[in-house]
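This report refers to the structure that appears directly beneath it.
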Amino acid sequence: MYKALIIGAGSIGGLIDSPTSKAVASHAHAYKKHPDTQLHAICEPSELNVFAFMERWGEVHRYATIDEIGSDEEYDIVSISSSTKSHFYDLTTLLKRSDSSMILCEKPLVATQEELSSLFTLLMHSDKKILVHFIRRYNSAFINLADRIQKGEFGKSLGFQGVCTKGLLHNGSHMIAVLSHFLGNVTSIKPFRASFCHDDLCGDFGISLERGDGAISVLSHPPYSLFEITFWFETGVIKILDGGDKIEIYSRVPSTYEGYFSLALQESILTNLSNYAYDSVEFLLRKSKETCKNILSEHFHIHKIIFQTLAKVYP
């Protein structure tokens with residue numbers, strides 16, 4: 001059994017769901033449900049959060065701060081679900097420890113470009129397995145679809161259009177992580193119409209990747225969550241719908257008009273994305289250090305490009 005520690009026992013740490021929830025959305029639920037992990041401790045300063053957490057998930061050891069964890073107290077796998085401004089300190093502290101061989105960090109990885117730059121060498125030279133919690137990257141349906149795209153099943157990318165909410169760094173990074181998974185590393189982000197929102201950027205952005213170009217819109221204040229992407233390829237169209245819960249694949253078919261073609265739904269995939277916390281823990285446990293390091297490098301690059309974009313708009 002791998003001993004698990006959660007740093008930050010608020011919403012995503014353990015209060016977004018409960019043991020009876022169908023979804024496995026919190027780190028606590030994932031560790032409780034996974035047969036190879038056992039939740040031993042939380043690090044949480046809020047007494048209210050601690051009380052609510054233990055009411056749901058049972059008694060665990062509690063630290064008020066990460067500095068209270070002694071060098072003789074060892075944990076195998078650690079989730080960082082504290083506030084974004086705490087990530088840098090939490091990460092650098094864990095990287096110095098001899099334990100915590102597996103780390104799953106909520107996005108954004110850090111709060112500033114300066115923190116990101118300071119982390120690069122530490123992360124790339126660490127022998128720990130470290131992943132940023134871009135949830136769709138560890139879902140089997142998304143992994144299989146990325147493989148089909150990269151093998152050329154749908155032909156060349158002709159473009160894409162995505163829409164999401166809550167800022168380019170916060171939710172937009174989730175979208176760019178999907179784009180990067182499907183179409184290669186991001187080469188540039190160009191703001192067409194950008195404004196400051198949620199300590200972040202909202203607006204329209206051109207996204208260039210190694211194997212395709214397109215655009216995304218990040219809406220500022222809609223009264224609902226939104227995450228959808230349409231990809232156009234030579235032989236068909238792929239639609240990511242309902243936040244990623246459903247994927248539709250359309251293929252080119254002859255039209256009723258001679259010499260023309262239209263699109264017909266050929267495949268509808270339910271991704272079971274609601275179990276994302278479990279999927280991420282499973283991926284971190286099973287995949288090699290090399291695989292995790294490659295994905296971390298890809299996601300580090302996404303953060304770097306986004307921070308550069310923020311600096312261009314608000315230097």
Quiz item: Out of curiosity, S280 OG to R136 CZ, how far, rounded to the nearest 0.5 Å?
Solution: 10.5 Å
Quiz item: Using a distance-only test with no angle check, is there a side-chain donor-acceptor pair under 3.5 angstrom linking S217 and D204?
Solution: yes
Quiz prompt | hydrophobic_cluster_shared for L104 and I6, side chain cutoff 4.5 Å | solution = yes
Self-check item: Main-chain N/O of Q113 paired to S117 side chain as donor or acceptor, under 3.5 Å
Solution: yes
Practice problem: State plainly whether one hydrophobic cluster holds both L116 and L95, where clusters connect Ile, Leu, Val, Met, Phe, Trp and Tyr through side-chain heavy atoms under 4.5 angstrom apart. | Solution: yes
Quiz item: Does H170 reach the main-chain N or O of P108 with its side chain, forming a donor-acceptor pair under 3.5 Å?
Solution: no
Quiz item: Taking it one step at a time, do I269 and N144 satisfy side-chain contact (heavy atoms from CB on, under 4.5 Å)?
Solution: CA-CA 11 Å; I269 303 168; N144 292 337; over 6 Å; no
Self-check item: Side-chain heavy-atom pair F283, I143 within 4.5 angstrom cut-off
Solution: yes
Exercise. Mind listing the closest non-hydrogen atom pair of L169 and H303 along with its distance?
Key: CD1-CD2, 4.3 Å
Practice problem: Assign the ring pair F227 / H174 to parallel, tilted or perpendicular, where the plane angle (0 to 90°) is split at 30° and 60°. | Solution: perpendicular
Self-check item: Heavy-atom side-chain contact between L273 and K246 under 4.5 Å
Solution: no
Exercise. Drop me the distance from S100's OG to D90's CG, to the nearest 0.5 angstrom.
Key: 11.5 Å
Practice problem: Give, for atom CD1 of I42 and atom CG of N49, the distance between the pair rounded to the nearest 0.5 Å. | Solution: 8.5 Å
Exercise. May I ask you to decide if F154's main-chain N or O and R148's side chain share a donor-acceptor pair within less than 3.5 Å?
Key: no
Quiz prompt | Any D200 side-chain heavy atom under 4.5 Å of N171 side chain | solution = no
Self-check item: Crowding at CD, E290 (>12 non-hydrogen neighbours, <6.0 Å)
Solution: no
Practice problem: Please state whether the rings of H299 and Y138 are parallel, tilted or perpendicular, taking 30° and 60° as the class boundaries. | Solution: perpendicular
Quiz item: What are the two closest heavy atoms between M1 and P35, and how far apart are they?
Solution: SD-O, 3.2 Å
Exercise. For I305 and T187, run side-chain contact (heavy atoms from CB on, under 4.5 Å): C-alpha distance rounded to whole Å, both residues' side-chain angles, the deciding distance at 0.1 Å, then the answer.
Key: CA-CA 8 Å; I305 296 289; T187 57; over 6 Å; no
Quiz prompt | Heavy-atom closest contact (M175 atom, E228 atom, distance) | solution = CE-O, 3.5 Å
Exercise. Evaluate side-chain contact (heavy atoms from CB on, under 4.5 Å) for V218 paired with L201, printing each intermediate quantity in order.
Key: CA-CA 8 Å; V218 183; L201 285 182; over 6 Å; no
Quiz item: Got L183 and F160 here, is their nearest side-chain heavy-atom distance under 4.5 Å?
Solution: yes
Quiz item: Restricting to pairs with a member in residues 100-197, which pass disulfide bond (SG atoms under 2.5 Å apart), not counting sequence neighbours?
Solution: C197-C202
Quiz prompt | Under 3.5 Å donor-acceptor, N275 side chain and A23 backbone | solution = no
Self-check item: Single-linkage hydrophobic cluster, 4.5 Å side-chain cutoff, V50 and W57 together
Solution: yes
Self-check item: Student check: side-chain heavy atoms of S140 and D279 closer than 4.5 Å
Solution: no
Quiz item: Between H27 and I12, is any pair of side-chain heavy atoms under 4.5 Å apart?
Solution: yes
Exercise. Only counting residues at least two apart or in another chain, list the ones meeting disulfide (SG to SG under 2.5 Å) with C43.
Key: none
Quiz item: Under 3.5 Å, is there a donor-acceptor pair between the H301 and N185 side chains?
Solution: no
Quiz item: Does any N or O in the side chain of E73 come within less than 3.5 Å of the main-chain N or O of G70, such that one atom is a donor and the other an acceptor?
Solution: yes
Quiz prompt | K3, NZ: over 12 other non-hydrogen atoms inside 6.0 angstrom | solution = yes
Quiz prompt | Nearest non-hydrogen partners of F261 and R252, listed with the distance | solution = CB-CG, 3.4 Å
Quiz item: Say you draw a straight line from NZ of K156 to CD1 of I149; how long is it, rounded to the nearest 0.5 Å?
Solution: 15.5 Å
Quiz item: Does a side-chain heavy-atom distance below 4.5 Å link K85 with H87?
Solution: no
Quiz prompt | Residues, nucleotides or ligands: over 12 heavy atoms within 6.0 Å of Y257 OH | solution = no
Quiz item: When rounded to the nearest 0.5 angstrom, what is the spacing between CD1 in I306 and NZ in K107?
Solution: 10.0 Å
Quiz item: What side-chain hydrogen bond (donor to acceptor under 3.5 Å, both in side chains) pairs are there with at least one residue in residues 158-167, not counting sequence neighbours?
Solution: none
Quiz prompt | Nearest non-hydrogen partners of S180 and I302, listed with the distance | solution = CB-CD1, 3.9 Å
Practice problem: Would you mind reporting whether L168 and T309 have side-chain heavy atoms less than 4.5 Å apart? | Solution: yes
Exercise. For the pair K289 (side chain) and K128 (backbone), establish whether a donor and an acceptor sit closer than 3.5 Å, ignoring hydrogens and angles.
Key: no
Quiz prompt | side-chain contact (heavy atoms from CB on, under 4.5 Å) partner of L94, the single match among I69, I130, V78 | solution = V78
Exercise. Begin from the C-alpha positions of F300 and F120 and carry the test ring pair (Phe, Tyr, Trp, His ring centres under 6.0 Å) through to its verdict.
Key: CA-CA 8 Å; F300 188 97; F120 180 76; 5.1 Å; yes
Quiz item: With a 3.5 Å cut-off and no angle check, do the side chains of Y31 and D36 form a donor-acceptor pair?
Solution: no
Quiz item: If only atom types and distance count, is the side chain of S86 paired as donor or acceptor with the main-chain N or O of S82 below 3.5 Å?
Solution: no
Quiz item: Around atom CG of N294, are there more than 12 heavy atoms of other residues, nucleotides or ligands at under 6.0 Å?
Solution: yes
Quiz item: So, does E68 use its side chain to make a donor-acceptor pair with the main chain of A64 at under 3.5 Å?
Solution: yes
Quiz item: Backbone N or O of I7 within a donor-acceptor pair of the S81 side chain at under 3.5 Å?
Solution: yes
Quiz item: Taking everything shown except K293 itself, do over 12 heavy atoms lie less than 6.0 Å from its NZ?
Solution: yes
Practice problem: Examine distances only and state if a side-chain atom of R211 and a backbone atom of F182 form a donor-acceptor pair shorter than 3.5 Å. | Solution: yes
Exercise. Can you label the angle between the Y75 ring and the H40 ring as parallel, tilted or perpendicular, going by 30° and 60°?
Key: perpendicular
Quiz item: Counting only heavy atoms not in Y63, do more than 12 fall under 6.0 Å of its OH?
Solution: yes
Quiz item: Could K190 and F205 be counted as a cation-pi pair, given that NZ or CZ must be under 6.0 Å from the ring centre and within 45° of the axis?
Solution: no
Self-check item: Full working for side-chain contact (heavy atoms from CB on, under 4.5 Å) between F307 and V110
Solution: CA-CA 10 Å; F307 278 123; V110 289; 4.3 Å; yes
Practice problem: Answer yes if the side chains of N139 and T271 hold a donor-acceptor pair under 3.5 Å, and no otherwise. | Solution: no
Self-check item: Between Y278 and H34, ring centroids under 6.0 Å
Solution: yes
Quiz item: Should I80 and Y276 be counted in the same cluster of Ile, Leu, Val, Met, Phe, Trp and Tyr side chains packed under 4.5 Å apart?
Solution: no
Practice problem: Answer yes or no: are there more than 12 heavy-atom neighbours, outside F51 itself, under 6.0 Å from its atom CZ? | Solution: no
Self-check item: Path from F231 to L209 over hydrophobic side-chain contacts below 4.5 Å
Solution: yes
Self-check item: Nearest atoms (heavy-atom pairs only) where L158 meets F233
Solution: CD1-O, 3.5 Å
